[in-house]
Amino acid sequence: MKIIYILTLVPFIGILGFLPFVNPYVLGMPFNMFWMAMWVVLTSAILGIMYKLDPRNRE
Amino acid sequence: MNIALLIILAFLLLSIFLGIRSSKGKDMDLEQWTVGGRGFGAIFVFLLMAGEIYTTFSFLGGSGWAYGKGAPALYVLIYITLSYVLSYWLLPEIWRYAKENKLMSQSDFFVSKYKSPSLGILAALVGVVSMIPVIVVQLKGLGIIVSEASYGAISMSEAVWMGAISLTIYVMISGIHGSVWTAVIKDIMMVAIIGFLGIYLPIHYFGGFQPMFEAVDAAKPGFLKFPDQGLSVSWFISTVILLVFGFYMWPQVFSAVYSARSGKVFRKNAIISPLYTLMLLFVFFVGFTAILKVPGLVGADADLSLLRLSIETFDPWFIGIIGGAGLLTALVPGSMLLMSVATLLAKNVYKEFAPDVSDRHIVRLAKFLVPIIALIAVYFTLNGGETMSALILMGYSLITQLFPSLLLSLKRNNPINKFGAIAGIITGLAIVICITLSQSTIGTLFPSLPQAAKDLNVGIIALAVNFIVMITVSIAFRKHAVQLEPKSVNDI
């Protein structure tokens, strides 16, 4: 379960923690907008990994 | 009546028809009307929850903030995404406890956890006060859609009245089952229309996304970055944290949680839900396109940008389709909000003072309250000049004050007692209300603080004080708390 707790914090650090440093155009978007859109997708993937690893999902 | 209004009217009639059809054959007792008999599977719960994302706020307010504020509008995308991370842990716990104790409202949760009917009444009243600005947003959206689609034939105030009457009829007839089926149509239409507008408009006017952003950056340098002060990075971070804590505190969201068949539903839904928010990028693209194509919309008028740009670009029949989709984005969340406020007042406030009344009587009272609440919302809609985003942020600052006492109540040995919970919530609310009414910010109250601290969202400060007061009072009243409060306020 420890890895799931750590994974929970990753999106918060990735989006909010790095924001001062990410404030080139990527996929037509300004870099700060792309960074956030990328983390939306990554958050979804992280939640998928958490679901797979969580023994409660075999309540 | 033009073709656009006729199409919008057809959408309204369709949603009322769906409401009647879905509630047919069901005995609409309190549990059926509010939590759908607790039998919704993953897809329906997903649609009810996702319906909370695509409201008139995201449709008109999201593009309005991109138009008026630039990069800070991205907070909408991020707070919803991070809320799903919190939901993975929070919602199954709430659902399990609610099912074990047969709870029906958020207020019941506080009563049961803290053995305090008075805390239940306080939570219900906080919910009611917080939801009024959000109902105002839905009415404002309905007003904008109808008045703009009429090409000036119907004034904003007439349109708000028409919207309020439509919303009231819809709620009285349908209950939560109607909301679910309309949510299905609404979400399909919203994804199609937002996707189309967000891709077509930048390409039509600028030849692509990057040329559009470059043109905006040239016309308004720095608009696409977070500014150094005001809506800065520290404002963004504090606002997102506040909204993540508040996302599941809304009473109507609690009701949607209770309607699930199992707790696993939430962990499964959390995986796919963040991707659903990506559609909001297209809403922002429309707002950014409108900056150079329909300039001059200031203050609350920025919320008109999506429809003004669409009217300049498309024929009336297509404006009718956009307006119809917009109408549904106001009807579904608006009906959930109205239903929640009415049920909270009837069941969690009135019934505490009259515990012998039957559930049937409570349903009748809740339905009677719906038009009264709608009238109050109409008053604030016609007499307020705030943007949709400002109204939503105000509602969040209020409702999030319930978060500390709810979170700690989920601990096995809750260190907080009812005295601490009540004192913390009241202190947090008082700070938010005082600062909102005096139109202060952290910066105006404490001008010597560093800029990053001055830009913090005031709601997060209220939340911190709430937490400190809650802990302090709980420790001070530890001995008193062992005597349980009576089951009804009449016994006090």
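Below, chain A is the first sequence line, B the second, and so on; all start at residue 1.
With ring centers used as reference points, B:Phe282 lies under 6.0 Å from B:Phe285. With ring centers used as reference points, A:Trp39 lies 6.0 Å or more from A:Phe18. Aromatic ring centres of B:Trp235 and B:Phe226: separated by at least 6.0 Å.
Using modelled atom types and a 3.5 Å distance limit, the side chains of B:Tyr84 and B:Thr277 yield no donor-acceptor pair.
Options A:Val41, A:Leu7, A:Thr8, A:Asn23 differ in how many heavy-atom pairs under 4.5 Å they form with chain B, and the most are formed by A:Asn23.
Only the side chain of A:Ile15 comes within contact range of chain B, with heavy atoms under 4.5 Å apart. Only the side chain of B:Ala71 comes within contact range of chain A, with heavy atoms under 4.5 Å apart. Using a 4.5 Å cut-off between heavy atoms, B:Leu82 contacts chain A through both its backbone and its side chain. In this structure, chain A has a heavy atom under 4.5 Å from the side chain of B:Phe236, while its backbone stays farther away. Using a 4.5 Å cut-off between heavy atoms, B:Leu224 touches chain A through backbone and side chain atoms alike. Heavy-atom distances place both the backbone and the side chain of B:Val85 under 4.5 Å from chain A.
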Please determine whether side-chain contact (heavy atoms from CB on, under 4.5 Å) holds for the pair A:Met38 and A:Val26, giving the CA-CA distance in whole Å, both sets of side-chain angles, and the decisive distance to 0.1 Å. CA-CA 10 Å; A:Met38 177 188 77; A:Val26 185; over 6 Å; no

Check step by step if side-chain contact (heavy atoms from CB on, under 4.5 Å) holds for B:Tyr97 and B:Ser409. CA-CA 11 Å; B:Tyr97 185 80; B:Ser409 79; over 6 Å; no

